[in-house]
Amino acid sequence: MADIEARRLNATLGLGHDHRAAYGQFFTPQTVARFMASLFDFDDVPIELLDPGAGIGSLTAAFAHAAGKRKIHASCFEIDAHFQSDLRKTLQDLPNVNATVLALDFIEATVRKLTLDGRNAYTHVIANPPYKKIGTTSLARRLVSKLGLETSNLYAAFMACAIAQSARNAQIVAIVPRSFMNGPYFKAFRYWLLDRVALVRIHLFDRRDMAFADDKVLQENVILKMVAGGEQGNVVVSSSADDSFADLHEHVLPFDEIVTPGDADLFIHVPAPRAPRSLTLKGGSLQELDIDVCTGPVVDFRLREHLQSQPLEGSVPMLYAAHFSGGLQWPRDGRKPNAISVNAQTRSWLMPNGCYVVTRRFTSKEEKRRIVAHVLPANALPGERLGFENHLNVFHRSRHGLPESVAKGLCAYLNSQAVDDYFRTFSGHTQVNATDLRRLKYPSISELEAMANV
Ligand SMILES: C[S@@+](CC[C@H](N)C(=O)[O-])C[C@H]1O[C@@H](n2cnc3c(N)ncnc32)[C@H](O)[C@@H]1O
């Protein structure tokens, strides 16, 4: 096994960044591969293993090791000719593996095979699929749509192709970016996936870049274990700080704490590692408070000609996230405009001057909190209207301002530790969208007013 780790490091060193990005090549460290392999249950049925995008074969090797003396037939797909010889060497060294190396495009080969003979043969899948965007007109995208899935990322396409070829009750273990769990672009994939597999295990890494420290991949990864056609039961959620798995701990959660029943987005929540289990927010919906939240209506590049660096006659304040950094400051010197003209083209994108609560849609991953809220007091700014730029979320009541005491309480609530902890249970990325904020539970108006006075 030490040979494989050396082979892996060698294979990746030899390739340029662009080549690796083109094929989505991030290789699994041995500790991670072994952990993944340890998640399989082995019984004595013949093993038909699939390793799609096999690289130099680290995952098949770890699987073979975990399977002990059991005989395995492995199908290892690898499109890149650079790895063929290392892959073959790895496979030759595995006494219990009879392998077929397929130097083919896995997506194309899957769709062709399923069209010709619909047999789903794999009993086990171990995968670290390539991570790469695929364009609307790409062949991969068109092919995978034949499996009933529209997706914009190759890793989702790979998972779908692997699952489509899996036998009933096949076990599938994959390491993938966490983005599919709540990203808006992966909604169709979540439906596709959860219709076909039971989620059995989710493993998280506490720190973003540790699963592939030597590849400096900043994607947040998760390891999933799924059972094809399985009945959904409880889910084991585990976490570790890094790929040594030294501090591994796990808990078992009912599936409806992972995917909220009735959630049309099918977001997959994963409680933050080491967070107390009772992480839920109490309260009602925003709608019950007669409050809503929208994305800042002004998309600045569409209205560029109406923006001004300083307020002039006939203009009103234009607010960007930068105006709230370190407390409201308007006008502010810098690259961002401070004002927008009021005219027929801009009027419908402006909101009446008033008291609003705003949050930034994007925070950096180093920031302590994901949701950072500010109150914009009524009349803090001149003019009858305000322009809120698209990188802000704005809490409002019927597109008008909020009572100041409610806004202050709402701001305090959004900035609380409880909200931040809860938010992290379902969001792996640093983006906070209006839909995310709408999904939170909120205290009543009187509770918010009380919070305003604390
Ligand atoms: C993320 S790497 C993982 C490699 C290996 N499984 C591991 O865990 O170390 C993905 C691999 O998929 C291969 N790949 C990319 N696109 C492919 C395709 N369409 N068909 C087959 N292999 C592909 C890449 O060359 C790369 O080796």
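Atoms within each ligand, like the ligands themselves, are counted from 1 in listed order. Throughout, residue positions are numbered sequentially from 1 according to the sequence presented. Just so it is clear, the structure is predicted and the values come from calculations on it, not from any experiment.
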K.L.:
Any nitrogen or oxygen of F83, main chain or side chain, under 3.5 Å from a nitrogen or oxygen of ligand 1?
P.N.:
no
K.L.:
If the plane angle is over 60° it's perpendicular, under 30° parallel, otherwise tilted; pick one for F180 and F186.
P.N.:
perpendicular
K.L.:
Quick one: does ligand 1 sit under 4.0 Å from the side chain of A33, the backbone, both or neither, non-hydrogen atoms only?
P.N.:
neither
K.L.:
Is ligand 1 under 4.0 Å from a heavy atom in the side chain of L59, in the backbone, in both, or in neither?
P.N.:
side chain
K.L.:
Indicate, as side chain, backbone, both or neither, the part of P52 found under 4.0 angstrom from ligand 1 when only non-hydrogen atoms are considered.
P.N.:
neither
K.L.:
Which bit of F158 gets closer than 4.0 Å to ligand 1, counting heavy atoms only: side chain, backbone, both or neither?
P.N.:
side chain
K.L.:
Taking distance alone, with N or O pairs closer than 3.5 Å, would you say L154 contacts ligand 1?
P.N.:
no
K.L.:
Ring centres of F158 and F77 under 6.0 Å apart?
P.N.:
no
K.L.:
Regarding atom 14 (N) of ligand 1: of the candidates I79, L87, I126, which has the closest heavy atom?
P.N.:
I79
K.L.:
T359 and side-chain hydrogen bond (donor to acceptor under 3.5 Å, both in side chains): which partner among N415, N393, D436?
P.N.:
N393
K.L.:
Of the backbone atoms (N, CA, C, O) and the side-chain heavy atoms from C-beta on, which set of L104 has a member under 4.0 Å from an atom of ligand 1: side chain, backbone, both, or neither?
P.N.:
backbone
K.L.:
Please report whether ligand 1 has a polar contact with D80, defined as an N or O pair separated by less than 3.5 Å (distance criterion only).
P.N.:
no
K.L.:
For ligand 1, is D105 a contact, meaning one of its heavy atoms is under 4.0 Å away?
P.N.:
yes
K.L.:
Below 30° counts as parallel, above 60° as perpendicular, anything between as tilted: where do the rings of F205 and H203 land?
P.N.:
perpendicular
K.L.:
Should the pair H124 and F40 be assigned to parallel (<30°), tilted (30 to 60°) or perpendicular (>60°) ring geometry?
P.N.:
tilted
K.L.:
Report the relative orientation of the aromatic rings in F189 and Y155; use parallel for angles under 30°, tilted for 30 to 60°, perpendicular for over 60°.
P.N.:
perpendicular
